[in-house]
Amino acid sequence: MEVRRRIPRPPSASSTGSPSPAAPPSLQASDALPLPIRHTNLIFSLLFIASIFFLLRRWREKVRQSIPLHLVDLSELLSIVAVVASLIYLLSFFGIAFVQSIVSSHEDEVDDFLPVPSRLPVADSKMAPAPAPVGDPDEAVLAGREDEDIIAAVVAGNTPSHSLESKLGDCRRAASIRREALRRITGRGLEGLPLEGFDYGSILGQCCEMPVGYVQLPVGIAGPLMLDGREYYVPMATTEGCLVASTNRGCKAIAESGGAASVVLRDGMTRAPAVRFPTAVRAAELKFFLEDPGNFDMLAVVFNRSSRFAKLQGVQCALAGRNLYMRFSCSTGDAMGMNMVSKGVQNVLDYLQNDFPDMDVVSISGNFCSDKKPTAVNWIEGRGKSVVCEAVIKEEVVKKVLKTTVAALVELNTIKNLAGSAVAGALGGFNAHASNLVSAVFIATGQDPAQNVESSHCITMMEAVNDGKDLHVSVTMPSIEVGTVGGGTQLASQSACLDLLGVKGSCLESPGANARLLATIVAGTVLAGELSLMSALAAGHLVRSHMKYNRSSKDFSKVASSCQ
């Protein structure tokens, strides 16, 4: 879940223990007004509301009397001028301050979840360190000290490691100092973990805290994946040999058979808070209230205030004694949407508290969502993007490219993916290795790797068609959770992979289109991977291929660590 740090406030005299010198008053635009700013704001607000109300009444009368709206009298003309003038004033003097107050209060709320209490302007790793904030002598002193002194202070516990970025104003230097302090504390070297070549400022406050380096992962390309009439070269970040090669073979089989087709069935992120009431009867009253269609429009208005992209789709409730679980679902544009839906849910909870004051909010997430866990509710109801992808593989392609037969694939899929998974009591795991493909694409494109758990829910189906000659193969994935903005998608490497697929950033013409397209690409990649692995199993080639591509000739005895 993404969170941001708030900008640090200057310390007051009471907090520092010594009086601070009075700063000279700065000139503001409101100083030119004849009245205090609050009085002026009130006057223009009332003028705006009164003018709008007058114009609406006059236009309604004209419509009833069939009078053209463009014919205006003097009173209407003055009202229009008043609306324009008051709107310009409110946007200039009142709107900006109002928006800033909302942003500030929101950052105050999320700040409680962070170990670092402040966020400073980040200096690029190749630029000079940013100066410490004015009015904070401790930070200014720390930034001016030698690295060796700061390392000693971190090792001794006098300087918190998590505060280095904010106090130094240089993310690259902070990572280097933290890394050396860690080496001295643990006695373990980090020679194999790279430090240089990464923009640590890009992850501050949104991707990773207290960095000491970055992990390198190879990225392979599978494709072209022919999907819905277009070709995609799919980036896959993995350390498993054969995976990219196998997926590439599946892509070839799909392309030589005319390509695959996909459809997005649902698109909605969920969040399910848990609340508790004094009695189960009282909890049921809220359940009936939320599920009443007559109350949906009102709930949607409250929920949708969280974002211009958030659109409430529905609320599903479950009761356990006096505990109520409310599963909210909403569209989230091109973002994965966890923050967006959480803010919308918080708006609704605050609203409901007025009519249900005895409601005790136990948690904003009650696991009925369900995030990063394999659950039946995601398998049945869906979460994120629900996608189906299918292809018909020609008989000659099955024999020539996949080295097996249609009958063998159909039989294997029934015995392994369907019956075998049922014997194992699988939950959403009626497939060969969907999580392999999902994880590789997720890591390459900056998705949340932990959401591979529910995003890999998949059932693979194979049937003989066209008089038993050809193979119809499909994957149904009800909860692919992806986004093309926010989180790790804005990092340079991950952004490049998204750009390769043509889904980087937000789609301005149709918000949400890029994220939905990425979800179909994930499903298409799973389809290719399933097709190839199942063929290898049917032909008995799995072990042989892994012995060829997934074994190293390196002498590991020279790099083994000592046992303690």
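No hydrogens, no waters, no symmetry mates; every other heavy atom, side chains included, goes into these values. Position 1 is the first residue of the sequence, and the numbers go up from there.
- In this structure, the side chain of H433 engages the main chain of G529 through a donor-acceptor pair within 3.5 Å.
- Residues A523 and V475 come closest through the heavy atom pair O-CG2, 3.6 Å.
- In terms of heavy atoms, N452 sits closest to S435 at OD1-O, 3.4 Å.
- Residues in residues 258-282 take part in no ring pair (Phe, Tyr, Trp, His ring centres under 6.0 Å) pair, two or more places apart or across chains.
- To the nearest 0.5 Å, atoms OG (S363) and CZ (R276) are separated by 11.5 Å.
- Between Q346 and S306, the closest side-chain pair of non-hydrogen atoms is not below 4.5 Å.
- Taken to the nearest 0.5 Å, the OG1 atom of T247 stands 8.0 Å off from the CG atom of N436.
- For Y232, there are no ring-ring contact (aromatic ring centres under 6.0 Å, His included) partners, not counting sequence neighbours.
- Residues L409 and S535 meet the side-chain proximity criterion, which asks for heavy atoms closer than 4.5 Å.
- Considering CG of N431 and CG of L437, their distance stands at 9.5 Å, rounded to 0.5 Å.
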Applying side chain to side chain contact (heavy atoms under 4.5 Å, CB included), run through M326 and L286 and close with a yes or a no.
CA-CA 10 Å; M326 304 169 283; L286 178 55; 4.1 Å; yes

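- A salt bridge links R282 and E285; the closest N-O separation between the charged side-chain nitrogens and carboxylate oxygens is under 4.0 Å.
- Side-chain contact between L349 and V275 is present, with heavy atoms from C-beta onward closer than 4.5 Å.
- Under the 4.5 Å side-chain criterion, counting only non-hydrogen atoms from C-beta, F289 is in contact with L352.
- The side-chain heavy atoms of M534 and V473, taken from C-beta on, include no pair separated by under 4.5 Å.
- Residues Y200 and L204 have side chains not in contact (no heavy-atom distance under 4.5 Å, counting atoms from C-beta outward).
- Ion pair K394/D470 not flagged as a salt bridge, since none of the NZ, NE, NH1 or NH2 atoms sits closer than 4.0 Å to an Asp/Glu carboxylate oxygen.
- For the pair G321 and A280, the tightest heavy-atom approach, listed with the atom from each and the gap, is O-CB, 3.3 Å.
- For F48, the CZ atom counts as densely surrounded, since its 6.0 Å shell holds more than 12 non-hydrogen atoms of other residues, nucleotides or ligands.
- The two residues A528 and C251 have their closest heavy-atom pair at CB-N, 3.6 Å.
- A pairwise comparison of heavy atoms in V485 and S506 identifies CG1-N, 3.5 Å as the closest pair.
- A side-chain contact (heavy atoms from CB on, under 4.5 Å) with V482 is found for exactly one of L518, T520, I521, L517, namely L518.
- Sorted pairs that involve residues 301-323 and meet salt bridge (charged side-chain N to carboxylate O under 4.0 Å, His left out), not counting sequence neighbours, are lacking altogether.
- Identified under the ring pair (Phe, Tyr, Trp, His ring centres under 6.0 Å) test for residues 293-314, with sequence neighbours left out: none.
- Between the side chain of D334 and the main chain of C507, a donor-acceptor pair closer than 3.5 Å is present.
- Put simply, the side chain of R249 gets close to the backbone of S532: a donor and an acceptor are under 3.5 Å apart.
- E481 places no side-chain N or O within 3.5 Å of a backbone atom of Q447 that could act as its donor or acceptor partner.
- Here the CE atom belonging to M269 is positioned 9.0 Å from the OG atom belonging to S479, to the nearest 0.5 angstrom.
- Residue L243 forms a side-chain contact (heavy atoms from CB on, under 4.5 Å) with just one option from N248, L533, T238, and that option is T238.
- Within the structure, every pair that satisfies the ring pair (Phe, Tyr, Trp, His ring centres under 6.0 Å) test and touches residues 363-390, not counting sequence neighbours, is listed here: W379-H457.
- At least one donor-acceptor pair closer than 3.5 Å links the side chain of N514 to the backbone N or O of G505.
- Not a single donor-acceptor pair under 3.5 Å links the side chain of R327 to the backbone N or O of A318.
- The line from CG of L418 to CG of N413 is 5.0 Å long, rounded to the nearest 0.5 Å.
- The heavy-atom pair separating A253 from L402 by the smallest distance is CB-CD2, 3.9 Å.
- Annotation: side chain of C389 is not in contact with side chain of E530 (no heavy-atom distance under 4.5 Å).
- Around CD of E291, the count of heavy atoms belonging to other residues, nucleotides or ligands within 6.0 Å exceeds 12.
- Under the 3.5 Å distance criterion, the side-chain polar atoms of D267 are left unmatched by any main-chain donor or acceptor of S331.
- Without hydrogens or angle criteria, K343 side chain to V341 main chain gives no donor-acceptor distance under 3.5 Å.
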Apply side chain to side chain contact (heavy atoms under 4.5 Å, CB included) to residues Q451 and D371 and explain how you reach the verdict.
CA-CA 7 Å; Q451 289 185 325; D371 188 39; 3.0 Å; yes

With side chain to side chain contact (heavy atoms under 4.5 Å, CB included) as the criterion, how do V522 and K385 come out once you've worked through the C-alpha distance, each side chain's angles and the decisive distance to 0.1 Å?
CA-CA 11 Å; V522 171; K385 280 70 175 169; over 6 Å; no

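- Contact check for L531 versus L471: side-chain heavy atoms found under the 4.5 Å cut-off.
- For residues 452-466, the salt bridge (charged side-chain N to carboxylate O under 4.0 Å, His left out) pairs, not counting sequence neighbours, are R383-E454.
- T460 OG1 to K416 NZ: the interatomic distance, rounded to the nearest 0.5 Å, is 10.0 Å.
- Side-chain atoms of N378 do not come within 3.5 Å of backbone N or O of P478 as any donor-acceptor pair.
- Of the possible polar contacts, one joining the Q353 side chain to the M359 backbone as a donor-acceptor pair under 3.5 Å is found.
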Side chain to side chain contact (heavy atoms under 4.5 Å, CB included) between I254 and I393, intermediate numbers included:
CA-CA 6 Å; I254 292 173; I393 311 300; 4.1 Å; yes

